[in-house]
Amino acid sequence: MLQFSPPKMPFDWNVSEALLHVGATLTSGQSFRWRQDEREIWWGVVDACVLAVWQEQGIGDRGQGTEEKTGVFWQTFPEPNRSDIFADYFRLDVPLEALYQEWTEQEPEIEEATRAFRGMRLLRQPVRECFFGFQCATCNTVVKIERSVRALAARYGDEISLPFDAPFVLHQFPTVERLATADEAVLRADLWGYRAPRVIALAQHILSREPNWLASLRSRSYSEAHAELTALHGIGAKIADCICLFCLDKDAVTPVDTHIRQIAVRLFAPQLSGKSLTPKVYAEISEAFASRFGAFAGWAQQYLFFAELRRATFFKK
DNA sequence: GCTTAACCTGGACGC
DNA sequence: GCGTCCAGGTTAAGC
């Protein structure tokens with residue numbers, strides 16, 4: 001029996017006992033618009049739906065005896081109780097316990113990360129938001145990416161009205177039509193920098209394709225989706241893989257960035273130390289992760305990536 | 001096939 | 001206060 005006391009709100013909470021670490025999931029660098037209010041409630045937007053999620057800090061910390069408590073309280077707006085949206089977005093169907101065991105057998109070093117972030121999941125994000133959000137990620141910091149993506153949504157996205165005073169003004173992500181006619185100078189002012197013209201050009205390109213082209217990539221194979229994305233000006237292998245992994249259900253994909261490269265060198269590819277991240281090296285690292293961790297290698301790399309990110313941030317402070 | 005520079009910007013850091 | 005470096009990359013040119 002769960003014994004949590006979620007904050008009193010002018011709505012009823014639903015509760016889920018799924019294995020889910022909300023904080024790790026929403027701060028691991030895969031999505032950019034979630035915010036936490038002073039009551040520690042997370043507020044996010046999934047298409048036209050607002051999601052409010054609360055979980056007591058540190059799942060399991062409250063455990064008395066051996067029972068682990070993993071209660072996650074949630075609600076959707078303006079239409080309440082959309083358990084389908086909640087479960088789909090957080091991908092509650094993926095059996096984490098079995099994956100942890102498989103991964104640890106392959107690479108013992110991952111065990112520490114799976115313990116530290118137990119319940120962290122990859123999200124199934126709306127494709128449009130994920131596609132444009134990661135345009136901002138090139139040579140940037142997570143804090144600035146979040147600032148820029150939020151600014152883009154606030155400027156060009158429709159506000160979602162709620163039947164109570166929410167702690168934040170929440171917007172839908174802008175439509176492709178709005179982005180295609182966005183003002184480059186305005187985007188630059190919102191810190192998009194040299195990425196601003198790319199966003200507009202990519203939106204115009206999407207409009208020139210068949211309707212629903214972007215969303216249709218979810219039903220294509222990884223190699224097809226990757227090829228379609230990297231054919232676009234401004235999208236290289238890494239950004240394409242982020243899009244494939246975080247919104248197109250390509251769970252075996254490992255986007256190789258500076259952090260993942262360091263992990264690969266440390267764990268299983270010391271011969272790549274000091275080498276530039278050429279397409280050949282990129283493919284070598286990506287395939288090494290896939291061969292070790294299998295169909296959910298992208299999930300495994302997220303645990304190692306997040307642990308590395310936290311370590312790097314810690315040592316900088 | 002690899003290396004390099006340019007592209008924006010703000011925060012961290014050293015002086 | 002100021003200069004430099006770096007951050008979840010991509011592209012094109014030069015070798």
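Just so you know, these numbers use all the heavy atoms, side chains as well, and skip hydrogens, waters and symmetry mates. Residue numbers begin at 1 in each chain, while the letters A, B, ... track the order of the sequences.
Out of dT10(C), dT11(C), dC8(B), the shortest distance to the side chain of Ile239(A) is found at dT10(C). Of the candidates dT11(C), dC8(B), dT9(B), the closest approach to any side-chain atom of Arg195(A) belongs to dC8(B). Here the side chain of Cys139(A) is nearest to one of dA12(C), dC8(B), dG8(C), namely dC8(B).
Judged by the 6.0 Å distance and 45° axis criteria, Arg292(A) is positioned over the aromatic ring of Phe268(A).
Across all strands shown, dC2(C) forms a Watson-Crick or G-U wobble pair with dG14(B), both key distances being under 3.5 Å. Partner assigned to dA12(C) is dT4(B), using Watson-Crick or G-U wobble distances below 3.5 angstrom.
One interatomic measurement links the two molecules: NE2 of His233(A) to P of dT11(C), which rounds to 6 Å at whole-angstrom precision. Summarising the geometry, the separation between OH on Tyr194(A) and C1' on dA5(B) is reported as 13 Å, rounded to the nearest angstrom. Nucleotide dC8(B) holds its P atom 9 Å from the CZ atom of Arg198(A), rounded to whole Å. Rounded to whole angstrom, the span from the CZ atom of Phe134(A) across to the C1' atom of dA7(C) amounts to 15 Å. Between the CZ atom of Phe32(A) and the P atom of dA7(C) there is a distance of 17 Å, rounded to whole Å. In this structure, Arg147(A) atom CZ and dG11(B) atom P are separated by 5 Å, rounded to whole Å. Distance, Lys280(A) NZ to dT3(B) P: 11 Å, rounded to whole Å. Look at CZ on Arg261(A): it is 10 Å from P on dG9(C), rounded to the nearest Å.
Across dG8(C) and dC13(B), the matching P atoms stand 14 Å from one another, rounded to whole Å. dT11(C) and dG10(B) have their C1' atoms separated by 24 Å, with the value rounded to a whole Å. Using P as the reference atom, dC8(B) and dG1(C) are 28 Å apart when rounded to the nearest Å. As rounded to the nearest Å, dT4(B) and dC5(C) have P atoms that lie 16 Å from one another.
Phe246(A) comes within 4.0 angstrom of a base, heavy atoms only. Contacts of Ala196(A) with the nucleic acid, taken as non-hydrogen atoms under 4.0 Å apart, are absent. Within the nucleic acid shown, Ile235(A) comes within 4.0 Å of sugar-phosphate atoms alone, with no base atom in reach, counting heavy atoms only.
Distances shown here put every side-chain N or O of Thr278(A) at or beyond 4.0 Å from the OP1 or OP2 atom of dG1(B). Regarding contacts with the backbone of dC8(B), a side-chain N or O of Arg188(A) is found under 4.0 angstrom from either OP1 or OP2. At the phosphate of dT10(C), neither OP1 nor OP2 sits under 4.0 Å from any side-chain N or O atom of Thr138(A).
Residues Gly234(A) and Val142(A) both approach DNA chain C. Their nearest nucleotides, taken by heavy-atom distance, put Val142(A) toward the 5′ side. For the pair Leu232(A) and Pro255(A), both in contact range of DNA chain C, the more 5′-proximal nearest nucleotide belongs to Pro255(A).
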Q: Would you sort out whether Trp213(A) and Glu228(A) count as a side-chain hydrogen bond (donor to acceptor under 3.5 Å, both in side chains), showing the intermediate values?
A: CA-CA 10 Å; Trp213(A) 167 76; Glu228(A) 290 265 9; 3.3 Å; yes

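Judged by atom type and distance alone, Lys238(A) reaches the base of dG8(C) through a side-chain donor-acceptor pair under 3.5 Å.
Side chains of Tyr222(A) and Asp241(A): a donor-acceptor N/O pair is present below 3.5 angstrom, by distance only.
Aromatic rings from Tyr303(A) and Trp103(A) are positioned such that their centres are separated by under 6.0 Å.
Ring planes of Trp299(A) and Phe296(A): perpendicular class, angle over 60° (limits at 30 and 60°).
A salt bridge links Asp158(A) to Arg178(A): one of the charged nitrogens lies within less than 4.0 Å of a carboxylate oxygen.
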